[in-house]
*Asks:* 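Sharing a structure below in structure tokens format, with a few things to ask.
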Amino acid sequence: AQKITQTQPGMFVQEKEAVTLDCTYDTSDQSYGLFWYKQPSSGEMIFLIYQGSYDEQNATEGRYSLNFQKARKSANLVISASQLGDSAMYFCAMREGFHSGNTPLVFGKGTRLSVIA
Amino acid sequence: NAGVTQTPKFQVLKTGQSMTLQCAQDMNHEYMSWYRQDPGMGLRLIHYSVGAGITDQGEVPNGYNVSRSTTEDFPLRLLSAAPSQTSVYFCASTYNRGSLGYTFGSGTRLTVV
């Protein structure tokens with residue numbers, strides 16, 4: 001079974017609008033970490049934001065915020081005030097058993113975001 | 001500059017040839033891993049290592065070998081390349097614990113003909 005599901009293969013958003021990229025995850029661990037990465041057309045992987053399973057507040061990093069709903073096992077990325085430079089592939093990822101370490105990062109299949117002027 | 005260095009950036013191999021993709025990091029990260037990225041498949045884990053002398057298989061290990069003789073280096077070996085191994089390969093590293101995101105190399109684009 002897939003551990004990370006991103007149901008939106010592609011999305012369009014108007015410049016300056018907000019957009020939400022969906023991510024659901026599957027784990028039986030109580031301790032885990034959730035990550036979002038951006039991959040622009042140049043190919044590099046850029047870390048955006050992290051949410052720990054024990055964090056009580058949703059993570060925020062500038063224009064990025066993570067809408068963490070633990071009971072629903074969802075970790076949606078919200079990008080506010082979209083910019084043309086936000087056009088990229090976005091990957092959700094999870095690391096289980098986070099506080100004990102030694103576990104790999106598992107990725108979803110990604111969502112391609114296109115920002116329209 | 002601190003980071004993860006992957007070489008080469010591009011490579012074309014003939015079926016049956018062998019090669020090693022190099023990965024080195026200078027951040028004293030215990031954890032290193034190799035992923036392959038194929039269209040529509042996201043990043044899939046090939047092998048990973050939690051420290052020198054310790055390696056383990058990921059989701060798609062067949063056709064690949066790794067070793068970790070030092071903390072800094074984690075080479076990926078293709079013993080007999082196949083067209084199915086045409087992909088973009090990423091090396092990534094992090095500490096074994098903590099909230100830091102993984103640091104990724106710039107990737108190696110491999111084509112097997």
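To find a chain, count down the sequence lines: A is the first, B the second, and so on, and within it residues start at 1.
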*Asks:* Would you give the length of the straight line joining atom CG of A:Asp22 to atom CE of A:Met11, rounded to the nearest 0.5 angstrom?
*Replies:*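 With rounding to 0.5 Å, CG (A:Asp22) is 7.0 Å from CE (A:Met11).
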
*Asks:* Under 4.5 Å between side-chain heavy atoms, counting indirect links through other Ile/Leu/Val/Met/Phe/Trp/Tyr residues: same cluster for A:Phe47 and B:Met32 or not?
*Replies:*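 A:Phe47 and B:Met32: separate clusters.
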
*Asks:* I need the B:Asn65 CG to B:His47 NE2 distance, nearest 0.5 Å.
*Replies:*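 So the gap between those two atoms works out to 6.0 Å.
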
*Asks:* Checking heavy atoms, do the side chain of B:Leu45, its backbone, both or neither come under 4.5 Å from chain A?
*Replies:*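 The side chain, not the backbone.
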
*Asks:* Checking an interface table here. Which of residues 55-63 of chain A come within a heavy-atom distance under 4.5 Å of chain B?
*Replies:*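 Within residues 55-63 of chain A, no residue comes under 4.5 Å of chain B, counting heavy atoms only.
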
*Asks:* For the hydrophobic clusters of this structure (ILVMFWY residues joined by side-chain heavy atoms under 4.5 Å, transitively), does one cluster hold both B:Leu43 and A:Met89?
*Replies:*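 Linked within one cluster.
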
*Asks:* Which heavy atom of B:Thr94 sits nearest to which heavy atom of A:Arg95, and what is that distance?
*Replies:*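 Smallest heavy-atom distance, with atoms named: CG2-NH1, 3.7 Å.
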
*Asks:* Checking B:Gln37 against chain A: side chain, backbone, both or neither under 4.5 Å from a heavy atom?
*Replies:*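 For B:Gln37, the contact with chain A is made by the side chain alone.
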
*Asks:* Between B:Ser49, B:Ser106, B:Gly105, B:Gly40, which has the largest tally of heavy atom pairs under 4.5 Å with chain A?
*Replies:*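 Answer, by heavy-atom pair count under 4.5 Å with chain A: B:Gly40.
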
*Asks:* State, with a plain yes or no, whether a side-chain heavy atom of B:Ile46 is found less than 4.5 Å away from one of B:Tyr89.
*Replies:*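 Yes, at least one pair of side-chain atoms sits under 4.5 Å.
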
*Asks:* To the nearest 0.5 Å, tell me how far A:Leu77 CG sits from A:Phe91 CZ.
*Replies:*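 Result: 13.0 Å between the selected atoms.
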
*Asks:* Among the options A:Glu44, A:Gln39, A:Gln6, pick out the one with the most heavy-atom pairs lying under 4.5 Å from chain B.
*Replies:*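 Maximum pair count with chain B is reached by A:Gln39.
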
*Asks:* Can B:Tyr102 and A:Tyr37 be counted as having a side-chain donor-acceptor contact under 3.5 angstrom?
*Replies:*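 Checked: B:Tyr102/A:Tyr37 side chains show no N/O donor-acceptor pair below 3.5 Å.
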
